[in-house]
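All ligand and atom numbering here is 1-based and tracks the order in the structure.
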Amino acid sequence: MIRHLHNKLISKEFSATELTKQYLERIEKFDQKICAFLTVTAKSALDQARAVDEKIACGEKIGLLAGLPAAIKDNIATRGVKTTAASRILENYVPPFDATVIELLRARDFVMLGKTNLDEFAHGSSTENSAFWTTRNPWDLTRVPGGSSGGSAAAVVSGMAVYALGTDTGGSIRQPASYCGLVGLKPTYGLCSRYGLIAMTSSTDVPGFLTKRVEDAAYLLSALAGRDPKDATTLSCDSRDYLKAIAEPRLNGVRIGIPKEYFIEGLNKEVLNAVKGAVRILEKEGAIVKEISLPHSQYGIAVYYIVTPSEVSSNLGRFDGIRYGFSKHSDAEDLIDVYYKSRGAGFGQEAKRRIMIGTYALSSGYYDAYYKKAQKVRTLIIDNFKRAFREVDVIITPTAPDVAFKIGSKENDPLAMYLEDIFSVPVSLAGLPAISIPCGFNHENLPIGMQIIGPQLGETILLKVAAYYEGITDWHTKEPMLLTEL
Ligand code: GLN
């Protein structure tokens, strides 16, 4: 997609302005039904596109991302453009600064079409926790697009953006990619800067990409990876050219691990068969497939749902009704009352649930039993992966246990919602890179995704395997029919 559109821009088949207008028209046409965007920045998008057209007209060389319209998840700070994290408490917050990933995209002359919907503060797997509205899955409007980057996924698959940025803390890029039939790349923790991401779980948050093709994810990673002095957790690694990885996809001798604990009873049969089928294809193409064991992954959900609320309870402490956004002070009796009233009215149910669980898990007397124990088990999960990667190059699992579910079907059952993350959270707890790519459809024509996990900083091998599979299958070329009917 990216290279194709870039070539057309430089050969002047169409201008960046025309391209941007076309995307804005699609947003106008489809988004009333899909509800992917919280804010559309049409005017500045056209200004950005015009600037690129001027460069092309002057014969200036433009980069691959220049003039290509993108959507940005609304928990990523954008200077001068509302950034709400889909929360009432930040409903009118306009950041005075850009996240590092946005700064890097601006330096490459990208066009920002707008900001996309998510579960409030990225807590969730369906966008139903958004304080504003639920985004609909373009494959079936009665279903969720996944979450929390559901708006970003829905925007890309319905052709309302060339690509989108999302964030992934426990699966929030991979699961919506799986539910919408897209490529979703979650880089190694620390490979891309978190500066300017509204913090959820600082020890697992990463920015990443929702794209139609593996190649696009590789372009974006090449552009946005790297050490950032504003984020002390970024890794200093040699700059890597991920494009090379996909230019020569190969499988011969690649060792693929299939963790027996991830192919379990209760998993949707069609999902299971699609992923197993994909692995068989890879094996036929020359990969070596081995069964492996990740025994502590079964505690992934339990660990994640202690670690995450603990960090959330701390990270959301800054929203006090004084410094940021929403404040309910007119009828407050004193300062404490301002806090109570602002936070009481500003946070949604799930954010409050996480603040309470996290505060409990961190409080004296419970800390050892919950938070500390969770961190110890987290170390075991990390060790499991380390051991596995001595034997294999990548690990393949389903991305999610099911296909996109009906809107409302899990909304009042937080545990059922948390189980959505069963295959994605161990990877996040270990800080590893993973990609979800389309590998089939169920009998209702809903997309199925497979997750390819790499070792720390193993993006190259992961992209290689993903690009190879994409090259010999055509799942990624299918588009939701509904769009033609809208
Ligand atoms: N669904 C997970 C959660 O609710 C993951 C969210 C995310 O990755 N931001 O925490």
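Using a cutoff of 4.0 Å between basic side-chain nitrogens and carboxylate oxygens, D320 and R343 are not scored as salt-bridged. At a threshold of 4.0 Å, the pair R143-E444 counts as salt-bridged, since one of the basic side-chain nitrogens sits closer than that to a carboxylate oxygen. A salt bridge links K410 with E420: at least one charged nitrogen is closer than 4.0 Å to a carboxylate oxygen. E103 and R106 are not joined by a salt bridge, as no carboxylate oxygen comes within less than 4.0 angstrom of a charged side-chain nitrogen.
For ligand 1, the atoms sitting less than 4.0 Å from at least one non-hydrogen atom of S125 are 1 (N), numbered in the order shown with element in parentheses. Contact atoms of ligand 1 toward S148: 9 (N) (distance under 4.0 Å to a heavy atom of the residue). Those atoms of ligand 1 with a heavy atom of G170 less than 4.0 angstrom away are 5 (C), 7 (C), 8 (O). Proximity to A122 (heavy-atom distance under 4.0 Å) selects the following atoms of ligand 1: 6 (C), 7 (C), 9 (N).
Ring pair Y366/Y360: centre-to-centre distance below 6.0 Å.
For ligand 1, one of its N or O atoms has an N or O atom of T169 under 3.5 Å away. Looking at ligand 1, you won't find any N or O of T308 less than 3.5 Å from one of its N or O atoms.
Only the side chain of Y305 comes within 4.0 Å of ligand 1, counting heavy atoms alone; its backbone N, CA, C and O stay farther away. At a heavy-atom distance under 4.0 Å, only side-chain atoms of M200, from C-beta outward, approach ligand 1.
Judged by distance alone, with hydrogens and angles left aside, the side-chain atoms of E311 form a donor-acceptor pair with the main-chain N or O of S202 at under 3.5 Å.
Screening D74, T41, T39 against K115 for a side chain to side chain donor-acceptor pair (under 3.5 Å) leaves a single residue, D74.
Ligand 1 is never approached by R174 to a heavy-atom distance shorter than 4.0 Å.
For the pair I453 and L462, the tightest heavy-atom approach, listed with the atom from each and the gap, is C-CD1, 3.9 Å.
Looking from atom 10 (O) of ligand 1 to the surrounding protein, the closest heavy atom is Y304 OH, 2.7 Å. If you check which protein heavy atom lies closest to atom 6 (C) of ligand 1, you get S172 OG, 2.9 Å. Among protein heavy atoms, the minimum distance from atom 2 (C) of ligand 1 is reached at D421 OD2, 3.0 Å.
For the pair K82 and Y93, the cation-pi criterion (under 6.0 Å, within 45° of the ring axis) is not fulfilled.
Taking only non-hydrogen atoms, the option from E420, E350, M417, R354 nearest to atom 4 (O) of ligand 1 is R354.
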